[in-house]
Amino acid sequence: MSNSIPTQAQVVIVGGGIIGCSLAYHLTKLGWKDVVVLERKTLTCGTTWHAAGLVAQLRATHNMTLLAKYTAELYRELERETGQATGFRQAGSLTIASTAERFSELKRSASMGRCFDVDVKVLTPEQAGEMWPLINIDDVVGAIHIPRDGMCNPIDTTQALAKGARMGGASIYENTKVTAIHQQGGRVSGVGTDKGDITAEYVVNCAGMWARDVGSMCGVNVPLHAAEHFYIVTEPMEGISNDLPVMRDLNGHAYYKPDAGKLLLGAFEPNAKPWGMDGIPEDFSFDTLPEDWDQFEPVLEKAMHRLPELG
Ligand SMILES: Cc1cc2nc3c(=O)[nH]c(=O)nc-3n(C[C@H](O)[C@H](O)[C@H](O)COP(=O)(O)OP(=O)(O)OC[C@H]3O[C@@H](n4cnc5c(N)ncnc54)[C@H](O)[C@@H]3O)c2cc1C
C-alpha cells in the first residue's frame, strides 16, 4: 500500500472501520472512482474489530429493516465477489420474550418484517426450548425465529468491503490521521492530515466514537458519545454448537452467540456506562477496556436464570 497520499479526491472518507469501508465499497459500486479512505491507524482498529458480528434483519423501522435485509444479502455474496472470506453464516436467530408486552412487540416487528419478505416465524415457548435446549423457558411467553439471520467475522467482513472498494478504484491509506477539515465559502473543501492536505468535494465523517472530535474540526456538533459494551466468552460448553441460532433475551438484556463450542454472552446494557469522558487516548488501537463486574452482574444474574449451565 502506497504511503504518499493524493493531493486531490472527489470524496475523502475519514475512518477505516466497517462504516468507512462499506461507504467506499458502495460509492465505487455507484461508479465513483476518486474515493479516498483515511485511517489514523489500521483498518478495523477502533470498534469494528471487537464486534460480536451479529447480523440481524429485523429493525425498529421500515428503512432500517430494508437496510439490514440488504446487508445480510450483501454479506452472503461478498466473499464470492471479492475472494476475501467474511465468516458469514446463516444459522438464524431466536428472540425470546418473557413479558406479554415484549411478545406483542416481537409479533409487531415480525409482521413488519414479513412486509419486506423477511422470513419470520412466531414460536411458542416450547418450540423455542426445542430450538435452544439449554434454555430455561419457565417464564418465556413466546419467541420469534428468523432462519436467515446470521453472523460474520467483523474484521474479515471489513477487509472484504475494503478489497471490493479497491477493486472498484478506491484508495485506502492507513496510518494517516485527519487533523483538520478545511472550508471555503461556507462548505468543505478538503482535509489536513499528518501526511499533507487533500482537497475534496466531499468529506464524510465515518470516525465512529471519534466522530464528535472530527465534527468539531469544522464546527459541526455530532451528538455522539462512546459507551462501554461488555461480553464474556465461556469455556467450551456441552450442547453449544455452531448450528444453534444466535439467541436474544431482550428482557434479560442479553444475547448469546455460539462460538466454536464456547458461548459468547453479551449485554444490552440497561444502564449505559459512558467511556472516554476525558477524550479517547491518542494511541487507542485494537484496545479492550478494563473489566467491570459490577456493571455486568445484573445481566449475568438474569443469564444464569435463562441458562442454568452458566451457574
Ligand atoms: C463488544 C462489541 C460488540 C458489538 N457487537 C456488534 C454486533 O454483534 N453487531 C453489530 O452490528 N454491531 C456490533 N457492535 C457495534 C459495531 O462494532 C459498531 O457499530 C461498528 O463497528 C462501528 O463501526 P465504525 O466504522 O462506525 O467505527 P470504528 O470501527 O470505530 O471506525 C472508526 C475509525 O475511524 C478512525 N479514525 C478516528 N479518527 C480519525 C481521524 N482523525 N483520522 C483518520 N481516522 C480516524 C478510527 O481509528 C477507527 O478505525 C459491537 C460493538 C462492540 C464494542
Side-chain angles (χ1 to χ4, degrees), residues 5 12-25 36-59 64 67-68 71-72 74-75 87-88 93 149-159 161-162 165 172-181 191-195 198 203-218 222 224 226-233 246-248 254-259 264-269 272-273 275-276 279-289 291-292 295-296 299:
I5 60 170
V12 167
I13 297 169
V14 186
I18 196 160
I19 300 297
C21 292
S22 176
L23 177 63
Y25 171 87
V36 168
V37 178
L38 302 178
E39 164 54 48
R40 57 184 258 286
K41 300 277 187 197
T42 309
L43 295 186
T44 77
C45 74
T47 303
T48 295
W49 74 278
H50 207 264
L54 312 189
V55 182
Q57 296 176 83
L58 264 195
R59 297 287 170 168
M64 290 300 288
L67 188 60
T71 301
L74 172 68
Y75 289 179
F88 185 61
S93 72
D149 268 0
M151 43 195 126
C152 69
N153 177 318
I155 296 179
D156 291 346
T157 304
T158 305
Q159 292 293 355
L161 289 164
I172 299 177
Y173 299 89
E174 295 178 299
N175 299 308
T176 306
K177 182 179 176 184
V178 171
T179 51
I181 296 181
V191 296
T193 81
D194 53 3
K195 303 241 171 83
I198 306 178
V203 175
V204 190
N205 181 352
C206 294
M209 64 180 168
W210 291 265
R212 197 167 51 122
D213 302 336
V214 170
S216 70
M217 291 177 189
C218 57
V222 180
L224 189 76
E228 294 191 8
H229 175 59
F230 296 87
Y231 66 58
I232 57 168
V233 181
V246 167
M247 205 245 309
R248 292 184 182 78
Y255 58 89
Y256 301 72
K257 178 192 167 194
D259 195 1
L264 185 156
L265 166 65
F268 298 121
E269 284 80 7
K273 182 180 169 196
W275 183 75
I280 299 166
E282 179 61 28
D283 57 355
F284 189 96
S285 176
F286 297 109
D287 283 338
T288 53
L289 306 179
E291 295 170 1
D292 183 346
Q295 174 77 9
F296 197 64
V299 174

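Just follow the structure's listing: the first ligand is 1, and inside any ligand the first atom is 1. Every value quoted in this text rests on a predicted model; they were computed, and no experiment measured them.
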Protein contact for atom 19 (O) of ligand 1 (heavy atom, distance under 4.0 Å): no

Shortest protein contact, atom 31 (O) of ligand 1 (heavy atom only): Gly17 CA, 3.4 Å

Atom 52 (C) of ligand 1 sits nearest the protein heavy atom His229 CD2, 3.6 Å

Under 3.5 Å: N/O of Gly20 near N/O of ligand 1: no

Numbering as shown, the atoms of ligand 1 that approach Ile18 to under 4.0 Å (heavy-atom distance): 23 (O), 25 (O)

Under 4.0 angstrom from atom 27 (O) of ligand 1, is there any protein heavy atom? yes

Which heavy atom in Ala254 sits nearest to a heavy atom in Leu265, and how many Å separate them? CB-CD1, 3.8 Å

Does only the side chain of Leu38 get under 4.0 Å from ligand 1, or the backbone, or both, or neither? Count heavy atoms. backbone

Could you measure the distance from the CG atom of Leu264 to the CG atom of Asp259? Nearest 0.5 Å is fine. 6.0 Å

What pairs with Tyr255 under side-chain hydrogen bond (donor to acceptor under 3.5 Å, both in side chains), at least two apart in sequence or on another chain? His229

The closest protein heavy-atom partner of atom 49 (O) of ligand 1 is Glu39 OE1, 2.7 Å

Is the closest heavy atom of Lys177 to ligand 1 under 4.0 Å? yes

Taking only heavy atoms of Thr176, which atoms of ligand 1 are found under 4.0 Å from at least one of them? 43 (C)

How far is atom 36 (N) of ligand 1 from the closest protein heavy atom, and which atom is that? Arg40 CD, 3.6 Å

N or O pair under 3.5 Å between Val14 and ligand 1: no

Among non-hydrogen protein atoms, atom 24 (P) of ligand 1 lies closest to Ile19 CG1, 3.6 Å

Within-4.5 Å side-chain heavy-atom neighbours: Ile198 and Leu38: yes

Just wondering, do Phe286 and Thr42 contact through their side chains at under 4.5 Å, heavy atoms? yes

Sub-4.0 Å atoms of ligand 1 with respect to non-hydrogen atoms of His50: 1 (C), 2 (C), 3 (C)

Main-chain N/O of Gly17 paired to Thr158 side chain as donor or acceptor, under 3.5 Å: no

Polar contact flag for Thr47 and ligand 1 (N/O pairs, less than 3.5 Å): yes

Considering non-hydrogen atoms of the protein only, which is the closest contact for atom 29 (O) of ligand 1, and what is the distance? Thr48 OG1, 2.5 Å

Answer yes or no: does an N/O atom from Thr42 fall short of 3.5 Å to an N/O atom of ligand 1? no

Quick check on contacts: which atoms of ligand 1 are under 4.0 angstrom from a heavy atom of Tyr231? 1 (C)

Atom indices of ligand 1, in the order listed, that fall short of 4.0 Å to a heavy atom of Gly208: 26 (O), 27 (O), 32 (C)

Shortest non-hydrogen contact from Glu39 to Lys41? OE2-N, 2.9 Å

Given Ala211, Cys152, Gly15, Ala51, identify the one with the heavy atom nearest to atom 17 (O) of ligand 1. Ala51

For the pair Lys257 (side chain) and Ala52 (backbone), establish whether a donor and an acceptor sit closer than 3.5 Å, ignoring hydrogens and angles. yes

State whether the side chain of Thr48 and the backbone N or O of Ile18 hold a donor-acceptor pair below 3.5 Å, judged by distance alone. yes

Protein heavy atom at shortest distance from atom 41 (N) of ligand 1: Val178 O, 3.0 Å

Side-chain touch Glu228/Phe296, heavy atoms, less than 4.5 angstrom: no

Which ligand 1 atoms, with their elements, are less than 4.0 angstrom from a heavy-atom of Cys45? 47 (O), 49 (O)

What closest approach, in Å, do Arg40 and Pro281 show between heavy atoms, and which atom pair accounts for it? NH2-O, 4.3 Å

Could you identify the single nearest non-hydrogen protein atom to atom 5 (N) of ligand 1 and state the distance to 0.1 Å? Ala52 N, 2.9 Å

As an exercise, state the distance from NE2 of His50 to CG of Leu289, rounded to the nearest 0.5 Å. 7.5 Å

Do Gly53 and ligand 1 have an N or O pair less than 3.5 Å apart? yes

Minimum heavy-atom separation for Cys21 and Ala165, please, with both atom names. O-CB, 4.5 Å

Less than 4.0 Å from atom 33 (C) of ligand 1, is there any heavy atom belonging to the protein? yes

Of Leu54, Asn175, Ile181, the one whose closest heavy atom lies nearest atom 9 (N) of ligand 1 is Leu54

Flag Tyr255 as yes when one of its N or O atoms lies below 3.5 Å from any N or O atom of ligand 1, and as no otherwise. no

Sub-4.5 Å side-chain heavy-atom contact between Leu161 and Leu74: yes

Looking only at non-hydrogen atoms, which of Phe284, Trp210, Tyr173, Trp49 approaches atom 46 (C) of ligand 1 most closely? Trp210

Would Met217 count as being in polar contact with ligand 1, using the rule that some N or O on each side must be under 3.5 angstrom apart? no

Inter-residue atom distance Tyr75.OH - Asp156.CG, 0.5 Å rounding: 12.0 Å

Per-atom contacts of ligand 1 with Cys206, taking only distances under 4.0 Å to non-hydrogen atoms: 32 (C), 34 (O)

For residues 206-217, please give each side-chain donor-acceptor pair under 3.5 Å, one per line with the distance, not counting sequence neighbours.
from, atom 1, to, atom 2, distance (Å)
Arg212, NE, Leu224, O, 3.3
Ser216, OG, Asp213, O, 2.7

Which of these, Val37, Thr193, Val36, sits in a side chain to side chain contact (heavy atoms under 4.5 Å, CB included) with Tyr173? Val36

